[in-house]
Amino acid sequence: MNKIIEYSTHLKEIIDEHLYKILIGLLLGCFSLGLFLVVALTRQNDSNIVQNDTASIESTSVESSSVVESTNSTKKMYIDIKGEVNNPGVYKMKAGSRVTDLIKEAGGFKKDADQSAVNLAKQLIDQDMIIVYKVGQAPKNNLMDSSPKDEEKVNINKADSEELQKLDRVGEKMAQKIIDYRNQHNGFHSIDEIKQISGFGEKTFERLKDSLTI
């Protein structure tokens, strides 16, 4: 019994002697735990913010893409297809359509159609004229584009300043007027619309019309 009392007294003396150290240790432990929790919560919040920002950016991108696609899908163009298809004629097509879409609209190829001369991947442009030839009748190097004369014309909806200046008596200033007009009016809808530009009167249009396309 005396030994137990001596042991308890000795233990109490040790605790009293080192009490401040024990308290400091406990305080440091609590501080470290609190700091760890603060850092963990901060990282979690930062992660949530980044995820929310990313989701917002992706959502905005999808919405913008949808608006562009919706706008493009509402535009229409008229294409003339002739030759070896089942139903030749003029078709109203959506902007961005390809030759393969037009062939389907026209009822497909006839048996004698020279399909090897057809570029099915070509993107259509308003007022294109597509000709499907019989086997053996297609011109050399023909890929079923518009008529050969159209290849030499200047597309006033796409040409840059240098290309526009290839037109008869069209200089740098006149070329810039064409570019400014098409930017302001979402492109030309017909070649005679160029007469709306100052300096392109009836006489100028008559001189240039055979060199223009859209």
Subject >> Pairs satisfying salt bridge (Lys or Arg N to Asp or Glu O under 4.0 Å), at least one member in residues 178-204, at least two apart >> reply: Lys195-Glu202
**OP:** Apply side chain to side chain contact (heavy atoms under 4.5 Å, CB included) to the pair Lys134 and Asp114, showing each step before the final yes or no.
**Re:** CA-CA 5 Å; Lys134 287 185 178 181; Asp114 187 356; over 6 Å; no
Original post:
Taking all atoms of both residues into account, what is the closest heavy-atom pair of Lys153 and Leu212, and its distance?
Top reply: CD-O, 3.4 Å
Subject >> Leu120 with Leu102, same ILVMFWY side-chain cluster at under 4.5 Å >> reply: yes
Original post:
So if you build clusters from Ile, Leu, Val, Met, Phe, Trp, Tyr with side-chain heavy-atom gaps below 4.5 Å, do Tyr91 and Val85 land together?
Top reply: yes
Between atom [atom1] of [X] and atom [atom2] of [Y], what is the distance when rounded to the nearest 0.5 Å?
X      : Y      : atom1 : atom2 : value
Ile214 : Ile125 : CD1   : CD1   : 9.5 Å
Asn86  : Glu105 : CG    : CD    : 13.0 Å
Ile179 : Asp160 : CD1   : CG    : 7.0 Å
Asn186 : Tyr181 : CG    : OH    : 11.0 Å
Tyr133 : Glu84  : OH    : CD    : 11.5 Å
Phe205 : Ile194 : CZ    : CD1   : 8.0 Å

Subject >> Main-chain N/O of Ile130 paired to Asp128 side chain as donor or acceptor, under 3.5 Å >> reply: no
Subject >> Check: Asn157 side chain, Phe188 main-chain N or O, donor-acceptor pair, under 3.5 Å >> reply: yes
Please enumerate all residues that pass side chain to side chain contact (heavy atoms under 4.5 Å, CB included) together with [X], with sequence neighbours excluded.
X      : answer
Ala159 : Val154, Glu163, Leu164
Met77  : Ile79, Met93, Ser97, Leu124, Asp126
Lys173 : none
Lys82  : Asp80, Met129

Original post:
Checking side chain to side chain contact (heavy atoms under 4.5 Å, CB included) for the pair Phe200/Ile178: CA distance, chi angles, key distance, verdict?
Top reply: CA-CA 10 Å; Phe200 289 89; Ile178 294 174; 3.7 Å; yes
**OP:** Sequence neighbours left out, what passes side chain to side chain donor-acceptor pair (under 3.5 Å) with Ser211? Give chain and number order.
**Re:** none
Original post:
Would a 4.5 Å heavy-atom cut-off, applied to side chains only, mark Arg207 and Arg169 as touching?
Top reply: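 A side-chain contact exists here, since the closest heavy-atom pair is under 4.5 Å.
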**OP:** Assess whether atom NZ of Lys110 is packed by more than 12 heavy atoms of other residues, nucleotides or ligands within 6.0 Å.
**Re:** yes
**OP:** Let me see the working for Thr213 and Gln127 under side chain to side chain contact (heavy atoms under 4.5 Å, CB included), right down to the final yes or no.
**Re:** CA-CA 9 Å; Thr213 187; Gln127 299 185 29; over 6 Å; no
